[in-house]
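What follows is a short report on a single structure.
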Amino acid sequence: MQSPLHPPNPDPKESVADQVQKAEADALLRPKPPVPPPPEEKPESPATAASTAPESEPPQRPVPIPPPSEPRQYRAIGVVRGRYIPSEEQITQGVLQTADDMAVEAVLLGRVMSLVKNHIDLEQDHLWVVYPRTGQRDGNLHLQIVGVWEPENLNQEDSELPPLSSEEVHEGYFSVRGEVVFYSEEERRIIVKIRQGPRKAGQPPKFFKLALTGTATGRVLRHFWSFEVERQGQDLVILTGENMGVMPPKRQTRSKSPQNRRPGRRKSSPGSKGSRPTPRPKKVKESQPPTSE
């Protein structure tokens, strides 16, 4: 009796080819095991697709005032259309004759000097990128010109999308971001303290104050605000404002005491009582009576 674990011995009379044909015939007569159906692909939910897909922001058109690079980025920048008229003394100082026929004091900064001398016709109006300042005494507006926005005439940006043309820009728009240090609802006056980055490494930052016209709601003082402003004549009028949160508390500097001052002992000022030690009274010797002869 043959073991069920081993196949029967092949007939020695059969050739190898006959054995192969017989095996193939047996394989054809055997029922094939059922093939399992392919797994159904479940539709991917929108939330899962959004989480797995890499987040990529669509490219935006270049603009003269880009969005802030951080939530609390200090800045004061805007665009003004007009004709720059230099003074007779030097080209870096003059006035900007705006489109609404206002003469605003202006200066040219070094980074725009070569552009003005070689590519800008000062007899024509241009859209200038400026830093605003307000005079502490007169409160008038001063402008520091740092650039010109005319992508249709100047090759200013190298981007996939065409930059915003000068005609599409909101003329007179300013972005002001900083700490509010003064607010008067009655006077409709807000003063923003703005920090400037150091020009050289190791130098401390500098600050300047900019006066705005308008009101704000909620807690205003000692808070960081982002204002959208529009120039109206000599005033910077607030269009919208967003409170970015309270400013961190300032660090108090401790005064250093002199080295020779003892702790717990006050140093008397000159001329005050007790500044000089009180002299002790001297003992007077009693005179002896004269001796008799």
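- Although no hydrogens or angles enter the test, the distance criterion places a donor-acceptor pair under 3.5 Å between the side chain of His126 and the main chain of Asp121.
- A donor-acceptor distance shorter than 3.5 angstrom exists from the side chain of Asn243 to the backbone of Arg219, with no hydrogens or angles considered.
- Counting heavy atoms from C-beta on, the side chains of Ile120 and Leu115 come closer than 4.5 Å.
- Using a 4.0 Å cut-off between a side-chain N of Lys or Arg and a carboxylate O of Asp or Glu, Glu168 and Arg61 qualify as a salt bridge.
- When the side chains of ILVMFWY residues are joined at heavy-atom separations under 4.5 Å, either directly or via intervening members, Val237 and Val220 end up in two distinct hydrophobic clusters.
- Side-chain contact between Leu210 and Pro132 is present, with heavy atoms from C-beta onward closer than 4.5 Å.
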Original post:
Can you list the steps and then say if Val129 with Ile77 is a side-chain contact (heavy atoms from CB on, under 4.5 Å)?
Top reply: CA-CA 7 Å; Val129 182; Ile77 187 173; 3.9 Å; yes
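- Aromatic ring centroids of Phe224 and Tyr74 lie under 6.0 Å apart.
- One N or O on the side chain of Ser87 and one on the backbone of Gln93 form a donor-acceptor pair closer than 3.5 Å.
- Between Ile85 and Leu122 the shortest side-chain heavy-atom distance does not fall below 4.5 Å.
- Here Glu171 contributes atom CD and Glu230 contributes atom CD; the two are 8.5 Å apart, rounded to the nearest 0.5 Å.
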**OP:** In sequence, state the C-alpha distance, the side-chain angles, and the governing distance for Phe208 and Lys206, and then conclude on side-chain contact (heavy atoms from CB on, under 4.5 Å).
**Re:** CA-CA 7 Å; Phe208 69 93; Lys206 296 182 179 181; over 6 Å; no
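- No side-chain heavy atom of Glu228 sits under 4.5 Å from any side-chain heavy atom of Ser175.
- Partner of His142 under the side-chain hydrogen bond (donor to acceptor under 3.5 Å, both in side chains) criterion, chosen from Glu105, Gln234, Arg133: Glu105.
- In this structure, Lys209 and Glu179 have side chains that are not in contact, with every pair of non-hydrogen atoms separated by 4.5 Å or more.
- When atom types are taken as modelled, the side chain of Thr215 and the backbone of Glu185 share no donor-acceptor pair closer than 3.5 angstrom.
- Contact annotation: the side chain of Val130 never approaches that of Val146 to less than 4.5 Å [non-hydrogen atoms, C-beta and beyond].
- Atom CG of Leu239 is separated from atom NE2 of His170 by 6.5 Å, given to the nearest 0.5 angstrom.
- Looking only at distances, no side-chain donor or acceptor of Tyr131 sits under 3.5 Å from a matching main-chain atom of Arg75.
- Inter-residue side-chain proximity for Val180 and Phe227 is flagged as met; some heavy-atom pair is nearer than 4.5 Å.
- Counting only N and O atoms by type, the side chains of Ser226 and Arg177 include a donor and acceptor under 3.5 Å apart.
- The side-chain heavy atoms of Val192 and Leu212, taken from C-beta on, include a pair separated by under 4.5 Å.
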